[in-house]
Each structure stands twice: as C-alpha cells, then as structure tokens.
*Asks:* 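My questions all concern the structure below.
In what follows, every heavy atom counts, from backbone to side chain, and hydrogens, waters and symmetry copies are set aside. In this text, all values refer to a predicted model and were calculated from it rather than measured experimentally.
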Protein chains: 2
Amino acid sequence: MLSMTKKTGYGLIAMIHLARLPEKKLASAREISDAYGISLSLMMNVLKKLCAAGYVESVRGSRGGYRMLRPAEEINFVGLMEALEGPMKLAECITRQVEGLGSEMACKLISQCPIANPIHRVNSRIREVLSGVTLAEIIEDTAGSRLQSKSQTQKA
Amino acid sequence: MLSMTKKTGYGLIAMIHLARLPEKKLASAREISDAYGISLSLMMNVLKKLCAAGYVESVRGSRGGYRMLRPAEEINFVGLMEALEGPMKLAECITRQVEGLGSEMACKLISQCPIANPIHRVNSRIREVLSGVTLAEIIEDTAGSRLQSKSQTQKA
DNA sequence: TTGAAATAGTATAAATAAGGTACTATATAA
DNA sequence: TTATATAGTACCTTATTTATACTATTTCAA
C-alpha cells in the first residue's frame with residue numbers, strides 16, 4: 001500500500017548510473033546489473049521500458065548499451081515511475097489526472113462514491129510532491145554523492 | 001503502485017458516516033454497508049480494525065454498533081490508512097520512520113543500496129502531505145458536504 | 001429464558017498484482 | 001561468422017489484496 005514497486009527502484013538505480021557516465025558513454029544492462037547485484041533479465045526489462053519511454057537511447061549489438069537522453073534536472077520521480085509502472089493513481093477512481101489539469105476522472109461510481117473528491121485532491125498533492133523530485137536531486141542525495149557499487153571495475 | 005487499498009476507502013467511508021452522526025449515536029456495520037453498497041463482512045472487518053486502533057468505540061449486542069471516539073479534526077489520512085493497512089512505506093527499506101523523527105531505518109542493504117537516502121526523503125514528504133489531510137477536511141470536500149448514500153433511511 | 005441482532009476474533013478461499021525468468025528475433029563490432 | 005547486445009514477448013511463481021465464512025460472546029427485548 002502506497003508503495004512503489006521494485007521496478008521503479010531498479011529504474012532509479014539504472015538512471016543514476018547512466019547519469020554519472022561521461023557524455024555519450026554507454027552502459028550495458030549487464031554492466032549495471034552486475035554493479036548492483038540485480039538480475040540481468042530484470043534490468044534488461046527496465047531498460048527496455050526506459051528506452052521506450054524516451055528516457056534513454058539504446059545502441060544495439062556488441063559494445064552496445066544505453067545512454068541518457070535528457071539531463072537529470074529534467075527528469076522527475078513520478079515520470080520515471082509512471083514510465084515503468086503505468087499511471088499513478090491513489091485509487092481506482094482516478095485515471096486521467098496525469099496532466100494535473102484538475103477534475104477529469106473516469107470513476108464508474110462517480111455519482112455515488114462519497115470519497116471521489118477528497119481522494120482526487122490527495123492524489124494531486126502526492127503528484128505535486130513527486131513531480132518536484134528530480135533525478136538530479138536524487139543523485140545529490142545518494143550517500144556521499146557517489147555511488148558505492150559492488151564492482152566499479154567494468155570489464156570493458 | 002502508490003495506491004491505497006480498498007480497505008482504506010471503506011474505512012474512510014465508515015468514518016465519514018460515523019462523524020456525521022449526532023453525538024453518542026451509534027451506527028452498525030450493516031447500516032453503513034447497506035448505505036453505500038459495500039459487503040457487510042468487509043465493512044465489519046474494517047470497523048473491527050478501526051475499533052482496535054482506537055478510532056471508534058463498539059457497543060455489542062442488539063442495538064449495538066460503533067461511534068467515533070475522536071473529533072474529525074484530530075484524525076488524519078495516514079493514521080487511518082496505517083490502522084487498516086499497516087505501516088506506510090514507499091519501499092522495503094523503510095520501516096520505522098512513522099514518528100517522523102528522521103533517519104531511522106532497518107534496510108538490510110543499507111550499506112550497498114544507492115537509493116536508500118532519497119527514497120527515505122520522498123517517503124517523508126509523502127507522509128507530511130498525508131498527515132496534513134484531516135478527516136474533517138475530507139468531509140468538507142465530499143460532494144455538497146453532504147453524503148449521498150443509497151438509503152439515508154435507517155431501519156432503526 | 002430464549003431468540004434475534006450485533007460485535008470479536010480468526011481462518012480461509014479467490015482474485016489480482018508484482019516479481020522474476022526464458023525464449024526468439026535482430027543488430028553490430030571484431 | 002561468432003560473440004555480444006538490445007527488442008519484444010510470453011510465461012511462471014509468489015505475494016498481496018479482496019472477499020467470505022465460521023465460531024464465540026454480548027445485549028436487548030419479547
């Protein structure tokens with residue numbers, strides 16, 4: 001309840017890793033998964049989604065991998081999370097509030113449900129908070145502002 | 001993901017219903033479940049938890065039911081939610097931050113996990129928001145500040 | 001004193017979501 | 001042409017959520 005899935009956690013780790021790379025440099029799914037002890041398949045799935053959502057760019061083939069497409073300042077928590085888990089909603093009755101434009105909703109119970117309005121408001125407030133948290137801030141906030149990965153030595 | 005369970009929804013509805021009753025008046029689980037078309041067993045389970053958590057008081061036996069124990073102004077969203085669903089945590093690595101006293105955590109991966117700190121901060125911010133939402137506010141915000149229940153007519 | 005209505009406590013089943021793995025296809029560098 | 005890498009899915013397992021059921025106890029009232 002009210003928790004993010006591990007996918008988002010893996011996605012954050014991947015994004016942090018990529019954001020720290022020198023400009024234009026690639027990191028492969030294996031590299032990242034090895035560095036933090038995350039299953040390769042999982043990390044691959046996450047990176048595929050991040051790519052599809054336009055957060056990263058992929059280069060296929062040997063020596064391929066992923067690189068960031070946007071600056072960390074322009075990436076926020078809720079966007080990343082939604083790219084990996086689908087639209088965030090506090091309850092079923094909230095669907096199309098993604099644009100933050102107010103009171104659009106698609107709850108079948110709208111005329112009966114006594115808590116639709118308040119739930120909607122709370123949802124908006126949470127979105128506000130999460131959209132204010134940028135990847136850049138998150139990186140600032142990681143221990144020592146430097147990642148301590150299992151093996152910083154990459155085989156390449 | 002990042003959503004509350006239906007239990008919380010039912011709990012909110014029950015609390016709103018009870019809060020609207022005249023002082024000292026009781027409402028039974030059946031009354032409430034009938035009024036909003038919620039399964040009786042479910043509503044009973046929710047009310048049992050609310051009672052155990054000290055939000056409401058129960059009177060057993062025929063003509064029994066539940067009544068509020070605290071004013072709606074002193075009840076907040078996150079407290080209610082946690083009474084019904086257990087401690088709120090954005091990720092596994094967050095456990096004892098309930099008191100809002102900062103950086104206590106019990107993550108086994110604390111020395112390795114690169115996102116423990118930022119996740120912790122985001123969790124705190126969400127808690128702040130949710131603890132600022134009172135039941136009184138929620139009631140204010142329900143359509144027309146008056147509940148439109150299926151049957152306002154109670155058989156008692 | 002008996003029966004109906006209510007809560008208390010717990011157990012369990014069913015449905016849904018999350019977490020994780022595997023497979024086939026395609027691209028690229030050496 | 002082979003090894004390495006991503007692309008796209010499909011699938012299985014586990015955990016959580018949702019819902020129901022059962023037994024016991026309490027209380028009012030006929």
*Asks:* Could I get the full list of side chain to side chain donor-acceptor pair (under 3.5 Å) partners for B:S58, not counting sequence neighbours?
*Replies:* none
*Asks:* With clusters built from Ile, Leu, Val, Met, Phe, Trp and Tyr whose side-chain heavy atoms come within less than 4.5 Å, directly or transitively, what are the remaining members of the cluster of A:L40, listed by chain and number?
*Replies:* A:M44
*Asks:* B:K25 has an atom NZ; how far is it from atom P of C:dA6, in whole Å?
*Replies:* 13 Å
*Asks:* Can you tell me if B:S58 touches the phosphate of C:dA8, counting only side-chain N or O atoms and a distance under 4.0 Å to OP1 or OP2?
*Replies:* yes
*Asks:* Holding to side chain to side chain donor-acceptor pair (under 3.5 Å), I want the full list of residues that pass it with A:S28, two or more places apart in sequence or in another chain.
*Replies:* none
*Asks:* Applying side chain to side chain contact (heavy atoms under 4.5 Å, CB included), name anything that partners B:R70, two or more places apart in sequence or on another chain.
*Replies:* B:Y55, B:I75
*Asks:* Sequence neighbours excluded, which residues qualify as side chain to side chain contact (heavy atoms under 4.5 Å, CB included) partners of B:E73?
*Replies:* B:P71, B:A136
*Asks:* What nucleotide, of D:dT17, D:dA5, D:dT18, holds the atom closest to the side chain of A:M1?
*Replies:* D:dT17
*Asks:* With a 4.0 Å cut-off on N to O distance, would you call A:E82 and A:R127 a salt bridge?
*Replies:* yes
*Asks:* How many whole angstroms separate atom CG of B:L84 from atom P of D:dT16?
*Replies:* 18 Å
*Asks:* Within this structure, what is the OH-to-C1' distance between B:Y10 and D:dA19, rounded to whole angstrom?
*Replies:* 9 Å
*Asks:* Heavy atoms under 4.0 Å, any strand shown: does B:A52 hit a base, just sugar-phosphate, or nothing?
*Replies:* nothing
*Asks:* Who are the side chain to side chain donor-acceptor pair (under 3.5 Å) partners of A:T134, not counting sequence neighbours?
*Replies:* none
*Asks:* Roughly how many Å is it from NZ in B:K6 to C1' in C:dA14, rounded to a whole number?
*Replies:* 14 Å
*Asks:* Please go through B:L69's hydrophobic cluster and name the other residues, only I, L, V, M, F, W, Y counting, with side-chain heavy atoms under 4.5 Å joining them.
*Replies:* none
*Asks:* Using whole Å, what does the distance between atom C1' of nucleotide C:dA6 and atom CG of B:L26 come to?
*Replies:* 11 Å
*Asks:* What protein N or O atoms touch nucleotides 21-23 of chain C N or O atoms at under 3.5 angstrom, if any, and at what distances?
*Replies:*
| unit_1 | atom_1 | unit_2 | atom_2 | d |
| --- | --- | --- | --- | --- |
| C:dT21 | OP2 | A:S39 | OG | 3.2 |
| C:dT21 | O4 | A:N45 | ND2 | 2.9 |

*Asks:* Measure the distance from CD on A:E85 to P on D:dT16 and round it to the nearest whole Å.
*Replies:* 15 Å
*Asks:* So which protein N/O to nucleotides 12-15 of chain D N/O distances come out below 3.5 Å?
*Replies:*
none

*Asks:* Quick one: list whatever passes salt bridge (charged side-chain N to carboxylate O under 4.0 Å, His left out) with B:E128, sequence neighbours left out.
*Replies:* none
*Asks:* What is the distance, rounded to the nearest whole Å, between atom CD1 of B:I38 and atom C1' of D:dT18?
*Replies:* 13 Å
*Asks:* Please list, chain by chain and in numerical order, all residues satisfying salt bridge (charged side-chain N to carboxylate O under 4.0 Å, His left out) with B:E74, sequence neighbours excluded.
*Replies:* none
*Asks:* When you compare the side chain of B:R121 with that of A:D141, does any pair of heavy atoms fall below 4.5 Å?
*Replies:* yes
*Asks:* Restricting both atoms to N or O, compile the protein contacts to nucleotides 26-28 of chain C shorter than 3.5 Å, with distance only.
*Replies:*
| unit_1 | atom_1 | unit_2 | atom_2 | d |
| --- | --- | --- | --- | --- |
| C:dT26 | O2 | A:R60 | NH2 | 2.8 |
| C:dT28 | O2 | A:S62 | N | 3.2 |

*Asks:* Can you measure A:R67 atom CZ to D:dT6 atom C1' for me and round it to whole angstrom units?
*Replies:* 14 Å
